[in-house]
Participant: 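Here it is, the structure in full.
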Amino acid sequence: MDFASMAANFSPYVGLAVILYAIRQTERVSNKYIPIVAIVLGVLYSFWESGGASPGATLEGLKYALLGIGTVAGVKYSIENKAKK
């Protein structure tokens with residue numbers, strides 16, 4: 001696997017994580033709704049990427065959402081731990 005294909009497969013996760021982190025920082029959306037926003041954005045992106053709604057696209061969108069939420073949580077906890085030290 002070359003770097004270009006690996007980067008193309010990884011970019012939706014990073015993009016969604018950046019968007020979710022920005023939404024989280026604005027504080028316009030309560031933190032308890034961030035996972036719902038992630039699911040909606042991930043599934044919509046997956047539908048757009050695959051060209052339509054299908055069970056496979058839905059699962060791919062849920063995967064994007066879960067990885068995006070995990071990335072945002074990891075960044076948040078990393079920043080909080082550095083602030084404590």
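Since the structure is predicted, the reported quantities are computational estimates derived from the model, not experimental observations.
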Participant: Please check if V72 and Y77 belong to a single hydrophobic cluster, counting links between Ile, Leu, Val, Met, Phe, Trp and Tyr side chain heavy atoms closer than 4.5 Å.
Facilitator: no

Participant: For a quick test of reading the model, state the closest non-hydrogen atom pair linking A38 to L16 and the distance between them.
Facilitator: O-CD2, 4.1 Å

Participant: How are the rings of Y45 and Y64 set to each other: parallel, tilted or perpendicular (split at 30° and 60°)?
Facilitator: tilted

Participant: Minimum heavy-atom separation for A17 and G68, please, with both atom names.
Facilitator: CB-O, 4.1 Å

Participant: Starting at OG1 of T71, measure out to CG of L66 and round the result to the nearest 0.5 Å.
Facilitator: 10.5 Å

Participant: Is there a path of hydrophobic side-chain contacts, each under 4.5 Å between heavy atoms of I/L/V/M/F/W/Y residues, joining V75 to V29?
Facilitator: yes

Participant: Of the non-hydrogen atoms in G52 and A57, which two are nearest, and what is the gap between them?
Facilitator: O-CB, 3.9 Å

Participant: Going hydrophobic residue to hydrophobic residue with side-chain gaps under 4.5 angstrom, can you get from F47 over to L62?
Facilitator: yes

Participant: Mind jotting down which residue pairs meet the side-chain hydrogen bond (donor to acceptor under 3.5 Å, both in side chains) criterion with at least one end in residues 14-37? Sequence neighbours excluded, please.
Facilitator: Y21-Q25

Participant: Can you name the closest pair of heavy atoms from I34 and I23 and give their distance?
Facilitator: CD1-CG2, 3.7 Å

Participant: For I19, run the side-chain contact (heavy atoms from CB on, under 4.5 Å) check against V14, L41, V37 and tell me which one passes.
Facilitator: L41

Participant: Test of understanding: clusters of I, L, V, M, F, W, Y form through side-chain heavy atoms closer than 4.5 Å, transitively. Do I39 and L20 belong to the same one?
Facilitator: no

Participant: How long is the straight-line distance from CD1 of I36 back to CD1 of I69, given to the nearest 0.5 Å?
Facilitator: 9.5 Å

Participant: Please, which pairs that meet salt bridge (charged side-chain N to carboxylate O under 4.0 Å, His left out) have at least one residue in residues 52-63, sequence neighbours excluded?
Facilitator: E60-K63

Participant: With hydrophobic residues grouped by side-chain heavy-atom distances under 4.5 Å, do W48 and L67 end up in a single group?
Facilitator: yes

